[in-house]
Participant: 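A single structure is presented below for examination.
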Number of protein chains: 2
Amino acid sequence: MTGWEDIRAEVQARIRSGVWPLGSAIPHEEDLARDFGCARATVNRALRALAAQGVLERRRKGGTRVLAVPVRKATVSIPVIRAEVEATGRRYSHQIIWQATGQENTLHLETLHLADDKPYAHEVRVLHLAVLPPLPDLTAISINEWLVTTVSYATGEIAFSAAAADAGQARALWVPTGTPLFVITRETRNAAAQVITKVLLAHAPGYHLRTTM
Amino acid sequence: MTGWEDIRAEVQARIRSGVWPLGSAIPHEEDLARDFGCARATVNRALRALAAQGVLERRRKGGTRVLAVPVRKATVSIPVIRAEVEATGRRYSHQIIWQATGQENTLHLETLHLADDKPYAHEVRVLHLAVLPPLPDLTAISINEWLVTTVSYATGEIAFSAAAADAGQARALWVPTGTPLFVITRETRNAAAQVITKVLLAHAPGYHLRTTM
DNA sequence: GAGTGGTCTAGACCACCAA
DNA sequence: TGGTGGTCTAGACCACTCC
């Protein structure tokens with residue numbers, strides 16, 4: 001009857017109804033546990049979930065407060081491109097358009113990802129070889145997929161934007177220069193905060209990145 | 001010494017090193033708890049976190065297995081536009097460009113969001129009035145912000161894409177027709193799965209949606 | 001049906017940080 | 001420095017599913 005999901009819903013209801021206004025502090029876990037007639041751990045689970053959603057802000061000693069500015073948070077999946085293509089029933093392939101070694105032991109790679117032999121996404125990547133194991137044969141497995149399965153879990157930043165196709169992207173994706181492209185840029189670092197790779201991925205027109213709230 | 005984060009790291013290490021190959025099943029929580037010398041709840045917390053990350057797949061009775069295709073998951077914040085603008089130190093304002101009532105008790109709204117009086121984003125929205133409380137004065141508070149603070153937590157779908165500016169967007173955002181725009185479309189439903197609102201939000205050039213992994 | 005993850009409890013200790 | 005959230009434990013019951 002009083003699962004942590006129920007408590008999450010009840011807390012949300014109290015915020016929405018104004019019992020706990022935006023920006024205000026809410027009672028401590030122990031008080032809430034007594035109110036709801038459950039263990040503190042159950043309250044804790046509910047409040048942690050709300051904090052992860054962006055509804056609450058929690059601080060040791062500072063207590064829990066309702067965020068003054070509600071923020072919707074959505075989780076987006078960044079799949080391996082091969083899986084993304086095959087999920088739509090198409091055949092995946094990729095071509096290395098160009099590669100060169102750069103300064104500081106880096107490898108620059110320009111790759112075209114295809115779905116049923118039609119351009120799907122154009123990728124420009126810089127790899128920092130010093131912080132990576134020896135590379136595999138990149139014609140057999142895309143660098144994208146190899147990194148995900150090989151490198152230990154890493155942190156990084158992602159940015160999504162729209163940009164006009166430059167000459168290289170236009171040629172690779174069979175579109176006129178200036179065509180709007182959905183662009184994902186990523187910078188990935190290993191556990192020691194060393195940059196592993198930087199990527200700029202431009203998707204062919206029609207691409208949508210979908211998620212649910 | 002053996003916190004749930006340590007266990008998560010250890011499980012990830014075993015997956016990465018091939019002890020537990022992609023697609024394979026891993027031991028039950030109880031076994032792992034004995035191995036790691038901790039309570040089952042601690043293992044559970046770690047494995048749940050990995051499942052949320054997209055590393056593991058868990059099913060009652062079916063056990064836990066390593067996903068065959070690793071998926072990176074990133075959480076993006078969808079802020080209220082006013083807060084988003086003010087976070088950059090600029091002054092927020094908005095204008096209702098056009099509105100009209102449509103079929104089935106709907107309200108169509110075209111809004112321009114501004115930062116320091118320069119176009120920031122162009123919004124086209126359909127509201128289903130039957131499932132909403134009476135609307136406020138929309139010149140005082142943007143519909144965006146009112147919905148977030150008023151409507152009970154809702155589910156919905158979001159999609160990100162790139163599109164060429166149409167005539168209306170171009171006029172509102174002071175850009176030529178055809179300019180690449182970052183577009184967010186949203187469909188929000190209430191707890192009864194009734195559609196509350198649909199939005200198409202086109203951002204002025206230069207917009208980036210950022211997040212971390 | 002039975003095995004596995006999902007969750008709750010009551011108690012405890014700890015880490016952090018605002019007062 | 002004391003209060004608050006973060007976490008761990010040992011045990012228990014439950015719900016979902018695969019067999």
Participant: Do NZ/NE/NH1/NH2 and the carboxylate oxygens of B:Arg14 and B:Glu10 come within less than 4.0 Å?
Facilitator: yes
Participant: Starting from the 5' end of DNA chain D, give me the residue, B:Val43 or A:His28, whose nearest nucleotide shows up first.
Facilitator: A:His28
Participant: To the nearest angstrom, how far is B:Asn44 atom CG from D:dC14 atom P?
Facilitator: 18 Å
Participant: Give me the distances for all protein-to-nucleotides 17-19 of chain D N/O pairs that come in under 3.5 Å?
Facilitator:
unit_1	atom_1	unit_2	atom_2	d
D:dC18	OP1	B:Arg59	NH1	3.3

Participant: Please determine whether a side-chain nitrogen of the Lys or Arg among B:Glu86 and B:Arg90 lies less than 4.0 Å from a carboxylate oxygen of the Asp or Glu.
Facilitator: no
Participant: Looking at A:Ala202 and A:Leu173, what are the two nearest heavy atoms and their distance?
Facilitator: O-CD1, 3.9 Å
Participant: Mind running side chain to side chain donor-acceptor pair (under 3.5 Å) on A:Tyr92 and A:His113 for me, showing each step along the way?
Facilitator: CA-CA 7 Å; A:Tyr92 172 77; A:His113 302 270; 2.7 Å; yes
Participant: Using a cut-off of strictly less than 4.0 Å, decide whether A:Thr64 has a side-chain nitrogen or oxygen near OP1 or OP2 of D:dT4.
Facilitator: no
Participant: Hey, are A:Arg58 and A:Glu29 close enough for a salt bridge, meaning a charged N less than 4.0 Å from a carboxylate O?
Facilitator: yes
Participant: Reading DNA chain C from 5' to 3', where do the contacts with chain B start and stop? Cut-off is 4.0 Å to heavy atoms.
Facilitator: C:dG3 to C:dT7
Participant: Rounded to whole Å, how long is the line connecting atom CG of A:Leu56 with atom P of D:dG5?
Facilitator: 11 Å
Participant: Measure from CZ on A:Arg48 to C1' on D:dG5 and round the result to the nearest Å.
Facilitator: 10 Å
Participant: With a non-hydrogen cut-off below 4.0 angstrom, is A:Arg45 in contact with a base, only sugar-phosphate, or nothing?
Facilitator: sugar-phosphate
Participant: Salt-bridged, A:Glu57 to A:Arg59, with N to O below 4.0 Å?
Facilitator: yes
Participant: Checking A:Arg48 against A:Asn44 for the side chain to side chain donor-acceptor pair (under 3.5 Å) test, could you report, in this order, the C-alpha distance in whole Å, the side-chain angles of both residues, the deciding distance, and whether it holds?
Facilitator: CA-CA 6 Å; A:Arg48 263 192 297 116; A:Asn44 180 280; 2.8 Å; yes
Participant: State whether B:Glu30 and B:Arg34 are salt-bridged, where the test is any N-O pair (Lys NZ or Arg NE/NH1/NH2 against Asp/Glu carboxylate O) under 4.0 Å.
Facilitator: no
